[in-house]
S.K.: 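Handing you this structure, nothing more for now.
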Amino acid sequence: MALSDFDPQDFLDQYWQQRPCLLEQALPDFICPVEGDDLAGLACEAEVESRIIIEQDDDWELRCGPFSETDFTKLPAKNWTLLVQGVDQWIPEVAEIFEHFRFLPRWRTEDIMISFAVDGGNVGPHFDNYDVFLIQGAGQRRWQVGQHCDEQSSLRQHDQLRLLSNFDTQNDYLLNPGDILYIPPGVAHWGHGVGDNCITLSVGFRAPSSGELLGHWADALAAELNESQRYRDPKLVADAESAFIPDSVLNELRTHLQQKLDDDVFLRKWFGELMTATHKHSIEVYEQQGEQFSLRLGARLAYDAYYLYADGQAFSYSEHQKNAVKALCQLEGDAILAPELCQQLGETLLQELQKNAILIMDDDDY
Ligand code: SIN
Ligand code: CO
């Protein structure tokens, strides 16, 4: 399922994390897997994160879901957008869209957010901190692409939305179904629905901030340490100025912290777990009987030379399981894991993955 007329390596070299790029008709004859009513239905569910943004007189109002049916009847005729986060977790045909982006690390993809806009609907001029592919699903949207921004860029006064005070339009595009606009982190963008049925699918990527990475790493590490591992003095001098912190203390401390960072097994395990962690909804552990296994919709998998990572957990595996682990991580949609690979994976790991609802058992007549 490659994008049409698209050279992945050229895209990675020239655009990825650098410059915006319009991929016209990258998905020719694209059939949008959802309609506005489907999104409105999802936005009424408590487990689904949704928002409505209404623009009026150069000001934007944010309403957060879950919504009720009557909330939708009270909306103005123009200038509003409904945004539903993580639609790939609920609709398999939406999750299939990820398959077009397999030229990128699979564990970097985060979710597919879908917006439905009436004429003029827009979420305001802004930038995001992660890469996004904006796929036009239905109707048309005008996208203005602006300047590179960062934490210093000045924002409008708004309690809930981070909207830019200045927008310097550098490109102006009209997207039709099947067109994709790639926006790297930090690039200003502003889309307006054209007509009353504009659906845009945003394929977003997981990019933890350095603060999140360090905080998460330190928490995970601290959980494995014990109370007897503590600060120790470097060689002390008896008559030293007693309030002074000498460089030798800092050097000792740096060595102590560096040793933790150099723990390769810990670092890889922590990172694999972090990048595959899912926001688990009320996942049911299926009690179905059957012989065949497929992945649960929304399961996140990755592997390295030592571990299989699935939904934020690391499972160690050995050499003879390697091919099966690799194949498992590459399963798409409801495809089943071939019986010989199940056998290679072995009863223990299969059961463990099933217990955690990463693998689900399919009834083979189904
Ligand atoms: C939208 O779909 O209206 C907004 C998506 C975005 O700007 O990231
Ligand atoms: Co955006």
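Note that the structure is a prediction, hence the values are computed from the model and not measured. Worth knowing before you read on, the calculation uses all heavy atoms, side chains too, and leaves out hydrogens, waters and symmetry mates. Each residue takes its place number in the sequence, starting with 1. Indexing begins at 1, ligand by ligand and atom by atom, following the structure's order.
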S.K.: Identify whether the distance between the nearest side-chain nitrogen and carboxylate oxygen of Arg63 and Asp71 falls below 4.0 Å.
M.R.: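 Looking at Asp71 together with Arg63, the answer is no, because their closest N to O distance does not fall below 4.0 Å.
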
S.K.: May I ask you to check whether Thr200 has an N/O atom sitting below 3.5 Å from an N/O atom of ligand 1?
M.R.: no

S.K.: Is the shortest side-chain N to carboxylate O distance from Arg156 to Asp58 below 4.0 Å?
M.R.: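 Asp58 and Arg156: salt-bridged.
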
S.K.: Give me the residue, atom name and distance of the protein heavy atom closest to atom 1 (C) of ligand 1.
M.R.: Ser115 OG, 3.5 Å

S.K.: Note the single closest protein heavy atom to atom 3 (O) of ligand 1, along with its residue, its atom name and the distance in Å.
M.R.: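 Sorting protein heavy atoms by distance from atom 3 (O) of ligand 1 puts Arg141 NH2, 3.3 Å first.
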
S.K.: Run the contact test for Trp143 against ligand 1 with a 4.0 Å cut-off on heavy atoms, strictly below, and give the result.
M.R.: yes

S.K.: For ligand 1, which atoms, with element, lie under 4.0 Å from some heavy atom of His126?
M.R.: 6 (C), 7 (O), 8 (O)

S.K.: Do Thr276 side-chain atoms and Leu301 backbone N/O form a donor-acceptor pair below 3.5 Å?
M.R.: no

S.K.: Using 30° and 60° as the class limits, which term best fits the ring planes of Trp217 and Trp270: parallel, tilted or perpendicular?
M.R.: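 It falls in the perpendicular class, over 60°.
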
S.K.: Is it true that Trp16 and Phe205 have ring centroids separated by less than 6.0 Å?
M.R.: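 Between Trp16 and Phe205, the centre distance is under 6.0 Å.
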
S.K.: I want to check a possible cation-pi pair here: Arg268 against Tyr309, using under 6.0 Å from ring centre and within 45° of the ring axis as the test.
M.R.: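 The answer is no; the distance or angle limit is not met.
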
S.K.: Give me the protein N, O or S atoms that fall under 2.8 Å of the Co ion (ligand 2), sorted by chain and residue number.
M.R.: His126 NE2, Asp128 OD2, His189 NE2

S.K.: With a 6.0 Å cut-off on ring centres, are Tyr303 and Tyr317 close enough?
M.R.: no

S.K.: What is the ring orientation for Trp80 with Phe116, classed by angle as parallel under 30°, tilted 30 to 60°, or perpendicular over 60°?
M.R.: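 Because their plane-to-plane angle lies in the 30° to 60° range, the rings of Trp80 and Phe116 count as tilted.
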
S.K.: Say whether Asp128 and ligand 1 are in contact under the criterion: heavy-atom distance to a ligand atom below 4.0 Å.
M.R.: yes

S.K.: Look at atom 5 (C) of ligand 1 and say which protein heavy atom is nearest, naming residue and atom and giving the distance to 0.1 Å.
M.R.: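 I find the closest protein heavy atom is Ser202 OG, 3.8 Å.
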
S.K.: Would you confirm whether the ring centroid of Phe101 sits within less than 6.0 angstrom of the ring centroid of Phe133?
M.R.: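 Yes, they do, as the ring centres are separated by less than 6.0 Å.
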
